[in-house]
Amino acid sequence: MSGLVLKLGPKERVLVNGAVIENGDRRSRLAILTPNANILRLRDALRPDEVNTPVRRVCYIAQLILSGDANEDDGRDQLLRGVEQLSQVLTDSDSRNLLSEASEAFVAAEYYRGLKRLRGLLAREERLLSRVPRPA
């Protein structure tokens, strides 16, 4: 069996090709066998008011493609530019690996995988931004 496997908690919701699907009362696993299906866990979704950092902006573009709210070709170009800009700032090896994997996923039109890699940078970005002095 290949493809994406989603492990869902009770009542967890997921967006699959524009349709919201809610899990039942028990934990379950879904195997998504269709290649290039657009999948987004709604618990992972960013709301527009939460898109206030560079990594979150790039994640949001991937999310818009997955939800069908952005053109895939234009969005892919924006994603690749965003990853390139992030790679100029996040230069440690862990960040570089995640950015490289995200870039490879976006080139292959695997937006969920790329989004998942980028989400691995959110905690690091939060730590870095908390150290930056705020203007008075």
Side-chain angles (χ1 to χ4, degrees):
M1 178 173 79
S2 64
L4 176 67
V5 176
L6 293 174
K7 296 175 185 174
L8 301 174
K11 300 295 183 185
E12 187 173 352
R13 292 179 181 180
V14 63
L15 184 72
V16 179
N17 289 340
V20 176
I21 299 170
E22 183 176 85
N23 190 26
D25 294 331
R26 296 179 184 202
R27 296 185 61 77
S28 64
R29 292 170 41 125
L30 292 177
I32 310 297
L33 302 177
T34 303
N36 302 319
N38 291 322
I39 311 291
L40 178 64
R41 284 176 177 272
L42 294 183
R43 72 176 177 174
D44 294 338
L46 294 169
R47 295 188 314 268
D49 62 318
E50 297 173 329
V51 183
N52 53 8
T53 67
V55 175
R56 286 175 177 266
R57 285 184 191 104
V58 179
C59 286
Y60 192 66
I61 295 166
Q63 178 179 308
L64 290 174
I65 293 170
L66 288 170
S67 68
D69 292 321
N71 176 281
E72 185 174 341
D73 293 331
D74 295 337
R76 183 181 314 120
D77 291 342
Q78 290 179 33
L79 286 169
L80 294 172
R81 277 194 304 273
V83 168
E84 176 61 31
Q85 291 169 350
L86 290 171
S87 70
Q88 293 174 14
V89 177
L90 301 171
T91 57
D92 62 281
S93 62
D94 290 338
S95 296
R96 288 273 192 196
N97 288 339
L98 288 171
L99 289 167
S100 177
E101 291 172 5
S103 183
E104 290 170 9
F106 296 144
V107 167
E110 295 176 1
Y111 300 105
Y112 183 83
R113 185 169 62 96
L115 175 60
K116 190 173 177 182
R117 297 305 184 268
L118 287 176
R119 290 185 66 78
L121 295 170
L122 289 173
R124 181 170 293 128
E125 179 187 51
E126 187 175 325
R127 283 191 309 272
L128 290 171
L129 290 176
S130 69
R131 295 179 188 166
V132 175
R134 304 280 182 207

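Since the structure is predicted, the reported quantities are computational estimates derived from the model, not experimental observations.
- Using a 4.5 Å cut-off on side-chain heavy atoms (C-beta onward), E50 and Y60 make no contact.
- With a 4.5 Å cut-off on side-chain heavy atoms, R26 and P10 do not count as touching.
- No side-chain heavy atom of V89 sits less than 4.5 Å from a side-chain heavy atom of P54.
- Once rounded to the nearest 0.5 Å, the distance linking CG of N38 with CD of E72 reads 7.0 Å.
- Closest heavy-atom contact between R119 and D44: NH1-O, 3.0 Å.
- Atom CG of L86 is separated from atom CZ of R96 by 10.5 Å, given to the nearest 0.5 angstrom.
- Shortest non-hydrogen contact noted between V14 and I39 is CG2-CG2, 3.8 Å.
- Within the 4.5 Å cutoff, side-chain heavy atoms of L79 are placed close to those of Y111.
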Show, in sequence, the C-alpha distance, side-chain angles and deciding distance for L8 and I21, and conclude whether the side-chain contact (heavy atoms from CB on, under 4.5 Å) test is met. CA-CA 11 Å; L8 301 174; I21 299 170; over 6 Å; no
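- Under the 4.5 Å side-chain heavy-atom criterion for grouping Ile, Leu, Val, Met, Phe, Trp and Tyr, V16 is not connected to L64 through any hydrophobic cluster.
- With sequence neighbours excluded, no residue forms a side-chain hydrogen bond (donor to acceptor under 3.5 Å, both in side chains) with Q78.
- Heavy atoms of other residues, nucleotides or ligands lying less than 6.0 angstrom from CG of D92 number more than 12.
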Could you give me the CA-CA distance, side-chain angles and deciding distance for L115 and L40, then say whether side-chain contact (heavy atoms from CB on, under 4.5 Å) is met? CA-CA 9 Å; L115 175 60; L40 178 64; 3.9 Å; yes
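- Grouping the Ile, Leu, Val, Met, Phe, Trp and Tyr side chains by contacts below 4.5 angstrom, directly or via other members, places L80 with Y112.
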Going through the checks in order, is the side-chain contact (heavy atoms from CB on, under 4.5 Å) test met by E126 and V55? CA-CA 10 Å; E126 187 175 325; V55 175; over 6 Å; no
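- The side-chain hydrogen bond (donor to acceptor under 3.5 Å, both in side chains) contacts involving residues 14-24 comprise R13-E22, N23-S28, where partners must be two or more places apart or lie in separate chains.
- Considering only heavy atoms from C-beta on, S95 comes within 4.5 Å of R124 through its side chain.
- Within the 4.5 Å cutoff, the side chain of L42 has heavy atoms near those of the L15 side chain.
- L46 and L118 are not part of a single hydrophobic cluster, where members link through side-chain heavy atoms under 4.5 Å apart.
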Could you pull out all donor-acceptor pairs under 3.5 Å where a side-chain atom in residues 97-106 meets a protein atom, sequence neighbours excluded?
{"residue": "N97", "atom": "ND2", "partner": "S93", "partner atom": "O", "Å": "3.3"}
{"residue": "E101", "atom": "OE1", "partner": "R117", "partner atom": "NE", "Å": "2.9"}

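- Pairing each heavy atom of D25 with each of K11, the nearest pair is OD1-CE, 3.0 Å.
- L129 and V51 sit in two unconnected hydrophobic clusters of ILVMFWY residues. Membership requires side-chain heavy atoms under 4.5 Å apart, directly or through other members.
- Put simply, CZ on R41 and CD on Q63 are 13.5 Å apart, with the number rounded to the nearest 0.5 Å.
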